[in-house]
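Below is one structure, written out as structure tokens; comments come after it.
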Number of protein chains: 2
Amino acid sequence: MATIRDVAQRAGVSVATVSRVLNQNGYVNQDTEARVMKVIKELDYRPNTVARSLANRKTGTIALILPTIMNPFFSELSRAVEDSARSRGFTVIFCNSDDLDTREQTYIDVLRQKYIDGIIFASSSLGEEDLAVINENGIPLVVLDRALREGNCSVIRSKNAEGARKAVHHLLATGCRKVAHIAGPQELITAQERLRGYRDVVKDLDWFEESLILPGQFSITGGKGAVQALVEAHPDVDGIFAGNDLMAIGALKALHRMGIKVPEEVSLCGFDGIGATEWTEPELTTVAQLIYEMGARAALHLIDRVQGYTDQVEDLELDVHLIERGSTRRRKY
Amino acid sequence: MATIRDVAQRAGVSVATVSRVLNQNGYVNQDTEARVMKVIKELDYRPNTVARSLANRKTGTIALILPTIMNPFFSELSRAVEDSARSRGFTVIFCNSDDLDTREQTYIDVLRQKYIDGIIFASSSLGEEDLAVINENGIPLVVLDRALREGNCSVIRSKNAEGARKAVHHLLATGCRKVAHIAGPQELITAQERLRGYRDVVKDLDWFEESLILPGQFSITGGKGAVQALVEAHPDVDGIFAGNDLMAIGALKALHRMGIKVPEEVSLCGFDGIGATEWTEPELTTVAQLIYEMGARAALHLIDRVQGYTDQVEDLELDVHLIERGSTRRRKY
DNA sequence: ACAAAATATGTAACCGGTTACATATAGCAT
DNA sequence: ATGCTATATGTAACCGGTTACATATTTTGT
């Protein structure tokens, strides 16, 4: 591979001049520029990004830390992030954390050493102190789905509580008399907020009791398990609000296996709006987040900060909307 | 951030010595080493990866080029790649190509400039010439799911034709009298091979005709469309082999919508073995690939080559196996 | 006891860019 | 004609590591 010095020599100029041509800064004579460009073409010269990164401490790379890419929610999110990054000439490094903080720690260490320009954090188990460490290193940070007291860090999240309320109201409106909630792991803010939304609506209804809230790990198996326990404890449940779509899918499977008809006997509503909610039968009613937009906004805002177009941190709450499908349907009594 | 010179100065040695301590090479006195290590701890020094990369032309980064991460097959594959890479201290850059060759070209350019150590190519539309370009640049390459004449490039693929034969044999064995095939885009080798496998089995059966082969784009919508056309043209079809699971899911939806019972009236078999085949009702019979293993092998082998542990290219054919589920069931006549 | 080999450490060039600073010429106002 | 500014280009230090080579000391072999 040709280097900048090869180009300089062949064009009869100094490396500084070539660099100026490359970066379109400083004064360069038109003729000189043309000559340099010609040589660049001839040699098929491409500036070495690593050398560039070393010199100006920018790598054109951002990292996306997420629990696991195998969760469709994060697949879509990361697709958005990569699309947006590419449109701005950035590349993306992926990190599956499995929500393990040791793993997150390790990643952050590695990323720091690699001069990563910025990080999008979609994995929620990292403590505030750790985030502070990143900040100290001056790495711009965008966090998804959590509120932070500390200021120097952008946050983008969905209206989880509001979405949960929408879901439960919808279930009640379609005629449910007793609505249970399959909750995600309470370490995660999203899971907390959705549970809160559920509580907001049902807490004063006479049928409500704590045992209508079951843990489901945000996973398919968790959703299945929750339904089994639920039906045993509350055979009269006729509505389920699952804290995410994967649990809803699991719930649907379990209900089917138990011979309970959806939506005739039990209505079911998920949360997230992943594509797979249209793959089941019946299709799942769900509270859709603007997943792609979330990823795109996160990436574009992060890159804006990296490039110094803005130094303001953002705190965005994205709308959610209910998508009514076959798993909930108005019932007549 | 402390630099190697800071460490050297504080420890009263030269940078070369510190470097030797860091890389565990060359001669270093025990006491000196201890002293250097102590200073490293004190300063919380981490070697700058970018500088290192520039010096030794290795970045500890590999790239994975795939059609789109939103296809669950590739989600799982990339999970495997990332896990394996991490276990060897490598990071992974993701590239969604959407099977556009311009996009792939651009990526390769960028990756070359970034001194990426190696590339895993899971996107099949790139021509041989382009692959040659990568090879000329000396970038180790592992290609998934395609055969290449040219030698200097490892290939890992599944036994697609064999898998397809298994699928069709299974459908016939469960009592199907007329089996159609929903095929993927024929630019892709995998799609070709699966179609070939289907042909191998049915070509001499009296009911076979070309119009039983329908294009389905490897997508859900494609699968739906294919089924609609199929049922119109061949109402007597009682078995469908879909070239991948997404199309099978689409087919299942369409059949359901048309009131055709699976497996009672039509048996359905997919290909890939993605998790979502267990999310549908009935669950989908499918020819499972060793997706995770494919990704893991690709990554580990690539890194072996990057690190010079081997310079042999690999040509691996992974086994596939039929998973029988509810979408195909033995019928009695 | 002496040469050869092993151990220990330092100097400085190098990887391939960027950029502060120095220098030189041309254009323009006074 | 003089001084000031805008234009044009080059020199060399710098980013933060690695490593070839030189040098000095210690150990080993005979």
Side-chain angles (χ1 to χ4, degrees), chain A residues 1-37 39-40 43-61 89 110 112-117 137-138 307-308, chain B residues 1-37 39-40 43-61 89 110 112-117 137-138 307-308:
Chain A
M1 280 264 276
T3 73
I4 196 172
R5 291 170 223 265
D6 298 334
V7 176
Q9 189 167 16
R10 205 157 201 268
V13 297
S14 74
V15 291
T17 300
V18 178
S19 180
R20 285 187 201 104
V21 171
L22 287 167
N23 300 297
Q24 306 281 5
N25 59 20
Y27 292 112
V28 181
N29 183 291
Q30 296 249 318
D31 296 344
T32 314
E33 172 159 1
R35 191 150 32 94
V36 170
M37 288 303 274
V39 174
I40 288 178
L43 298 182
D44 189 31
Y45 164 76
R46 319 288 167 94
N48 177 325
T49 314
V50 177
R52 239 182 201 175
S53 301
L54 182 59
N56 55 21
R57 300 157 155 277
K58 295 252 165 279
T59 52
T61 306
V110 172
R112 214 172 56 133
Q113 287 171 56
K114 287 209 172 184
Y115 270 141
I116 290 314
D117 291 339
N137 273 275
Q307 301 190 323
Chain B
M1 279 264 278
T3 74
I4 197 172
R5 293 173 222 263
D6 298 333
V7 176
Q9 188 167 15
R10 203 158 203 268
V13 296
S14 74
V15 291
T17 301
V18 178
S19 180
R20 285 187 201 105
V21 171
L22 287 168
N23 300 299
Q24 307 280 7
N25 60 18
Y27 293 111
V28 181
N29 182 291
Q30 295 250 317
D31 296 344
T32 313
E33 171 160 3
R35 192 149 33 91
V36 170
M37 289 302 275
V39 175
I40 288 177
L43 298 182
D44 190 30
Y45 164 76
R46 318 287 167 95
N48 177 327
T49 314
V50 177
R52 235 179 205 178
S53 302
L54 182 59
N56 55 22
R57 301 155 156 280
K58 295 250 164 282
T59 52
T61 306
V110 172
R112 214 171 56 131
Q113 288 172 56
K114 287 209 172 187
Y115 270 144
I116 289 315
D117 291 338
N137 273 276
Q307 301 190 323

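Here is how names work: the chains are called A, B, and so on, in the same order as the sequence lines, proteins then strands, and each is numbered from 1.
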Checklist entry - Base, sugar-phosphate, or nothing for Ser19(A), non-hydrogen atoms under 4.0 angstrom? => result base
Item to check | Side-chain donor/acceptor of Arg5(B) to base of dG17(D), under 3.5 Å | outcome: yes
Item to check | Euclidean distance, atom CG of residue Leu22(B) to atom P of dT19(D) [Å, nearest integer] | outcome: 12 Å
Item to check | Atom-pair distance (NZ on Lys114(B); P on dC15(C)), nearest Å | outcome: 22 Å
Next on the checklist: Would you say that Lys114(B) contacts Thr61(B) through its side chain, given a criterion of any heavy-atom pair below 4.5 Å between the two side chains?
Outcome noted: no
Next on the checklist: Is Arg57(A) close enough to dG16(D) that one of its side-chain N or O atoms is under 4.0 Å from OP1 or OP2 there?
Outcome noted: yes
Next on the checklist: Categorize Thr32(A) for me: base, sugar-phosphate, or nothing, with a 4.0 angstrom heavy-atom threshold over every strand shown.
Outcome noted: sugar-phosphate
Next on the checklist: If the cut-off is 4.0 Å, is Arg52(B) near the phosphate of dG16(D), judged by side-chain N/O to OP1 or OP2?
Outcome noted: no
Checklist entry - Taking the side chain of Ile4(A) as its heavy atoms from C-beta onward, which of dG10(D), dG17(C), dT9(C) lies nearest to it? => result dG17(C)
Next on the checklist: Ignoring hydrogens and geometry beyond distance, is a side-chain donor-acceptor pair present between Tyr115(B) and Arg57(B) at under 3.5 Å?
Outcome noted: yes
Checklist entry - Between atom CG in Asn48(A) and atom C1' in dT18(C), what is the gap in whole Å? => result 13 Å
Checklist entry - Among the nucleotides dT11(C), dG17(D), dG17(C), which one has an atom lying closest to any side-chain atom of Ala51(B)? => result dG17(D)
Next on the checklist: Counting the atoms with a prime plus P, OP1 and OP2 as sugar-phosphate, which does Val15(A) contact under 4.0 Å by heavy atoms, base, sugar-phosphate, or nothing?
Outcome noted: base
Next on the checklist: Using the side-chain heavy atoms of Arg20(A), tell me which of these nucleotides is nearest: dA20(D), dC21(C), dT18(C).
Outcome noted: dC21(C)
Next on the checklist: Please classify the nucleic acid contact of Thr17(A) as base, sugar-phosphate, or nothing, using heavy-atom distances under 4.0 Å.
Outcome noted: sugar-phosphate
Checklist entry - Within the modelled atom types, does a donor on one side and an acceptor on the other bring the side chain of Arg46(B) and the base of dG16(D) under 3.5 Å apart? => result no
Checklist entry - With no hydrogens and no angle check, is any side-chain donor or acceptor of Thr59(A) less than 3.5 Å from a backbone partner on Ser53(A)? => result no
Next on the checklist: Measuring from the side chain of Tyr115(A) (C-beta onward, heavy atoms only), which nucleotide among dG17(C), dG10(C), dG16(D) has the closest atom?
Outcome noted: dG16(D)
Next on the checklist: If you define the side chain from C-beta out and look only at heavy atoms, does anything of Glu33(B) sit under 4.5 Å from Met37(B)?
Outcome noted: yes
Item to check | Heavy-atom side-chain proximity of Gln113(B) to Arg52(A) below 4.5 angstrom | outcome: no
Item to check | dG10(D) phosphate, OP1 or OP2, under 4.0 Å from Ser14(A) side-chain N/O | outcome: yes
Item to check | Within-4.5 Å side-chain heavy-atom neighbours: Arg20(A) and Asn25(A) | outcome: yes
Checklist outcome for this item: When Ala16(B) and Ala55(A) are each assigned the nearest nucleotide of DNA chain C, the 5'-most assignment goes to Ala16(B)
Checklist entry - Between dT18(C) atom C1' and Gln24(A) atom CD, what is the distance in whole Å? => result 15 Å
Checklist entry - The side chain of Tyr27(A) lies closest to which of these nucleotides: dT18(C), dT7(D), dG17(C)? => result dT7(D)
Checklist entry - OP1 or OP2 of dT18(D) sitting under 4.0 Å from any side-chain N/O of Asn23(B)? => result yes
Checklist entry - Starting at the 5' end of DNA chain C, which residue's closest nucleotide do you reach first, Leu54(B) or Asn29(B)? => result Asn29(B)
Next on the checklist: From CG of Asn56(A) over to P of dA20(C), roughly how many Å is that when rounded to an integer?
Outcome noted: 12 Å
Next on the checklist: Whole angstroms only, please: what is the CG-P distance between Asn25(A) and dT9(D)?
Outcome noted: 14 Å
